Amino acid sequence: MGRDDLGRPDAVRAVGVVVPAHNEEEHLGPCLASLLAATEHLVLPVRVVVVLDRCTDASARVVASLIGPAGTRGASTVITVLEGQYSSVGAARAAGTRSLVEAFPGLPPEAVWTAHTDADTRVPPTWLRRQVDLAQAGHDVVIGSVEPAEPVGAPTYRLWLEGHPPGEGHSAIHGANLGVRMSSLLSVGNFRDLRLGEDVDAVGRLKASGARWTATDSTRVVTSARREGRVPDGFSAYMREMDRRIDAGRNSVAKKVRKTE
């Protein structure tokens, strides 16, 4: 970001990251490590908010092990924790977003960029830098892509790519990879209290409001390919459905082979 960018009224001057987590002790460490690596590519202040939702495992200890006194992590990055009993992932994302308003009280909301991911997701080193670049280019919403943490040659990975072809202008929406200007998100009422589809709902309202948006594959993240997730009909359910489709295809081929024998 150059000096000319700083003079614009909508120039991004701070970044807030929201990470909702419900019993994610296994994945939270790698997630936060990837986020901290991404902050090193920025010269802006960054606040990472981990929203611990009804956690009964060691998620809080995982966060504590990664941060220093008062949550400070370097000169410009701070990690904070919100703990609560949230009714949905949408409510947890909304709570994290509200906390960012308080984290940057001296900045107008259009100067704060909010980045959203999930606790079982790893972001690339340039994740925040690329989102900020797109924001400085005039976008209010950056819709990123996702791939499951499966071997590249695995049938489920190939099937995922068939249904989610990578590239600029893709049609997928994932809460695990989303960036929104604070002013735009607040103008549509933040994330709604939804157990599923809070990301699609928010992006739909943002688009309807006239927010300037782009869908990009340049910020692709890797998310857990687990088959038992935190939301009954979430990403894990999609992975199970792909397993069923692959098994059905194999069974169909086996039946055809037996008929020809």
Side-chain angles (χ1 to χ4, degrees), residues 16-36 38 46-67 71 73 78-103 114-123 127 143-150 160 172-180 185 189-203 221-243:
V17 183
V18 178
V19 186
H22 173 61
N23 288 342
E24 291 287 3
E25 63 180 358
E26 178 182 355
H27 298 285
L28 189 53
C31 170
L32 292 177
S34 71
L35 284 171
L36 290 172
V46 180
R47 176 68 62 98
V48 179
V49 181
V50 183
V51 186
L52 299 179
D53 180 15
R54 297 163 291 152
C55 291
T56 57
D57 66 350
S59 292
R61 290 196 294 274
V62 170
V63 181
S65 70
L66 291 173
I67 61 179
R73 180 79 181 202
V78 174
I79 301 177
T80 59
V81 175
L82 285 181
E83 293 190 66
Q85 302 286 322
Y86 301 100
S87 53
S88 67
V89 64
R93 290 196 202 279
T97 301
R98 286 193 300 271
S99 75
L100 292 176
V101 177
E102 302 169 358
T114 71
H116 304 268
T117 190
D118 290 335
D120 65 341
T121 298
R122 289 175 283 115
V123 308
W127 188 62
I143 305 166
S145 54
V146 165
E147 69 178 25
E150 293 273 86
W160 169 264
I173 297 172
H174 304 279
N177 194 356
L178 185 63
V180 189
L185 188 52
N190 207 337
F191 288 97
R192 286 177 173 161
D193 185 358
L194 299 173
R195 294 187 62 196
L196 185 68
E198 82 294 340
D199 43 8
V200 175
D201 171 77
V203 170
V221 303
V222 178
T223 196
S224 166
R226 61 190 175 193
R227 271 52 174 180
E228 296 298 328
R230 301 297 180 264
V231 180
D233 297 317
F235 194 82
S236 60
Y238 189 89
M239 295 301 299
R240 294 196 301 272
E241 176 58 27
M242 287 199 296
D243 288 341

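Keep in mind that the numbers below use all heavy atoms, side chains included, and drop hydrogens, waters and symmetry copies. In this text, all values refer to a predicted model and were calculated from it rather than measured experimentally.
- The shortest distance between side-chain heavy atoms of D120 and C31 does not fall below 4.5 Å.
- Annotation: side chain of I79 is in contact with side chain of V50 (closest heavy-atom distance under 4.5 Å).
- Nearest heavy-atom pair, D193 versus A91, reported as atom, atom and distance to 0.1 Å: OD1-CB, 3.8 Å.
- Proximity of R47 to L100: side-chain heavy atoms (C-beta onward) are separated by under 4.5 Å at one or more points.
- In terms of heavy-atom proximity, V51 sits nearest to G96 at CG2-CA, 3.8 Å.
- Other residues, nucleotides and ligands contribute only 12 or fewer heavy atoms inside 6.0 Å of the CD atom of E26.
- Partners of T117 under the side chain to side chain donor-acceptor pair (under 3.5 Å) rule, at least two apart in sequence or in another chain, do not exist in this structure.
- The shortest non-hydrogen separation linking V89 to R195 is CG1-O, 3.7 Å.
- If you take NE2 on H116 and CG on L185, they are separated by 5.5 Å, rounding to the nearest 0.5 Å.
- When every heavy atom of A119 is checked against every heavy atom of E24, the shortest pair comes out as CB-CG, 3.6 Å.
- One finds no salt bridge joining D53 and R93 here, because no Lys/Arg side-chain nitrogen approaches an Asp/Glu carboxylate oxygen to under 4.0 Å.
- The two residues W127 and A176 come nearest to each other via the heavy atoms CZ2-O, 4.4 Å.
- You'll find the ring centres of H22 and Y86 outside the 6.0 Å limit.
- In terms of heavy atoms, V62 sits closest to E25 at CG2-O, 3.8 Å.
- At a threshold of 4.5 Å between non-hydrogen side-chain atoms, the residues V221 and R122 do not count as touching.
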